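Encoded as structure tokens, the structure appears first; notes follow it.
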Amino acid sequence: MGSVDDETSDREATIDAAPPGVTSPTRWNTHARGALLRVIRDDLQANSALSVSGIIKPAALALIVYRYGQWVFARRGSGSAVRLGEKLYWILFAAVRNQLGIELVATAELGRGVRIEHQHGIVIHPFAVIGDEVQIHHGVTIGLKNEQELATIQQNVPHIGTRVVIGVGATIIGAVVIGDGARIGPHALVTRDVPPGASVVAAPSRILRLSDGGAGE
């Protein structure tokens, strides 16, 4: 019988039941140590962080901790060593969240080649689904629309397809579907589905008339 840690087993089937127009993120074999190393290598390559200096990039550190958390969670109930590993994960998670401003829990579904541009203000819901090769800029929020959605939390989080670009300060909330190849512009508020290949832009800024004294009306 072949080892589960071979080159083909680390790329499992994509996640089931993807909405139309959305390619689900590619899974990796969370039970294989070699697969963990390979998926981390892919993450570092996507974020131009394969060098010694690159590995300390905020995106690299956040994704290493995220993948480690996935690997540890796949072993829950396997003994005291795993429980210790979980405690270590939550310490590392808190450090990434508090120091780098990237809140990415290992229960979220991220595909291969996700690129995180810069740090701070990035909040990704623990049950969000994000496809392969998505680009996330700083200040992005991906989560629930309101507290009433908590009862059916996994059905009310965003589902984002592949090769989506999410601009600075964008907010994607609720049970929305972002189609493959869509572009979410800076500071856009997305509360409804976005078709594949579409672009969403925020309303432009307005100049308010000032009184003669320079004070606002």
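Since the structure is predicted, the reported quantities are computational estimates derived from the model, not experimental observations. Positions are given from 1 along the sequence.
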Which distance, rounded to the nearest 0.5 Å, do you find between the [atom1] of [X] and the [atom2] of [Y]?
X: Glu133; Y: Thr23; atom1: CD; atom2: OG1; answer: 10.5 Å
X: Lys57; Y: Glu117; atom1: NZ; atom2: CD; answer: 8.5 Å
X: Asn98; Y: Glu103; atom1: CG; atom2: CD; answer: 9.0 Å
X: Ile142; Y: Ile178; atom1: CD1; atom2: CD1; answer: 9.0 Å
X: Ser24; Y: Glu109; atom1: OG; atom2: CD; answer: 9.0 Å
X: Gln70; Y: Trp28; atom1: CD; atom2: CH2; answer: 5.5 Å

Donor-acceptor under 3.5 Å ([X] side chain, [Y] main chain):
X: Lys145; Y: Ala175; answer: no
X: Asn29; Y: His31; answer: yes
X: Asp180; Y: Val164; answer: no
X: Thr107; Y: Pro126; answer: yes
X: Arg115; Y: Ala46; answer: yes
X: Asn156; Y: Gly174; answer: no

Would you say the side chain of [Y] lies within less than 4.5 Å of the side chain of [X], judging by non-hydrogen atoms?
X: His125; Y: Leu144; value: yes
X: Phe127; Y: Val105; value: no
X: Leu208; Y: Arg206; value: yes
X: His120; Y: Pro58; value: no
X: Ile160; Y: Val129; value: no
X: Ile122; Y: Ile116; value: yes
X: Val176; Y: Ile172; value: yes
X: Val190; Y: Thr171; value: no

Would you name the heavy atoms of [X] and [Y] that are closest together and state the gap between them?
X: Val200; Y: Ala188; answer: CG1-CB, 4.0 Å
X: Gly185; Y: Ala170; answer: O-CB, 3.8 Å
X: Ala182; Y: Pro195; answer: CB-O, 4.0 Å
X: Ile124; Y: Ala108; answer: CG2-CB, 4.4 Å
X: Pro25; Y: Gly131; answer: CB-CA, 3.9 Å
X: Ala106; Y: Gly69; answer: CB-C, 3.5 Å

Classify the ring geometry of Phe73 against Tyr89: parallel below 30°, tilted from 30° to 60°, perpendicular beyond 60°. perpendicular

Is the ring pair Tyr68/Trp71 parallel, tilted or perpendicular, if the boundaries are 30 and 60 degrees? tilted

Contacts of Ser80 meeting side chain to side chain donor-acceptor pair (under 3.5 Å) (sequence neighbours excluded), chain-then-number -> none

Evaluate the criterion side chain to side chain contact (heavy atoms under 4.5 Å, CB included) for residue pair Ile166 and Val134; output intermediate values, then yes/no. CA-CA 8 Å; Ile166 306 174; Val134 169; 4.1 Å; yes

Listed partners of Arg163 passing salt bridge (charged side-chain N to carboxylate O under 4.0 Å, His left out), at least two apart: none

For His118, enumerate each residue passing the ring pair (Phe, Tyr, Trp, His ring centres under 6.0 Å) test, keeping only those at least two apart in sequence or located in another chain. His138

Between [X] and [Y], is there shared hydrophobic-cluster membership here, with clusters defined by ILVMFWY side-chain heavy atoms closer than 4.5 Å?
X: Tyr66; Y: Leu37; result: no
X: Leu44; Y: Ile56; result: yes
X: Leu50; Y: Ile40; result: yes
X: Val168; Y: Ile102; result: no
X: Val165; Y: Val201; result: no

How far apart are the C-alpha atoms of Leu100 and Leu61, what are their side-chain angles, what is the distance that settles it, and do they pass the side chain to side chain contact (heavy atoms under 4.5 Å, CB included) test? CA-CA 9 Å; Leu100 304 179; Leu61 296 174; 4.1 Å; yes

Test log, rule side chain to side chain contact (heavy atoms under 4.5 Å, CB included), inputs Asp43 and Val114: CA-CA 7 Å; Asp43 289 336; Val114 171; 5.6 Å; no

Arg112 and Asp132 ion-paired at < 4.0 Å: no

Evaluate the side chain to side chain contact (heavy atoms under 4.5 Å, CB included) criterion for residues Val22 and Thr162: first the C-alpha distance (whole Å), next the side-chain angles of each, then the deciding distance (0.1 Å), finally the verdict. CA-CA 7 Å; Val22 174; Thr162 63; over 6 Å; no

Are there over 12 heavy-atom neighbours, none belonging to Arg183, within less than 6.0 Å of that residue's CZ? no

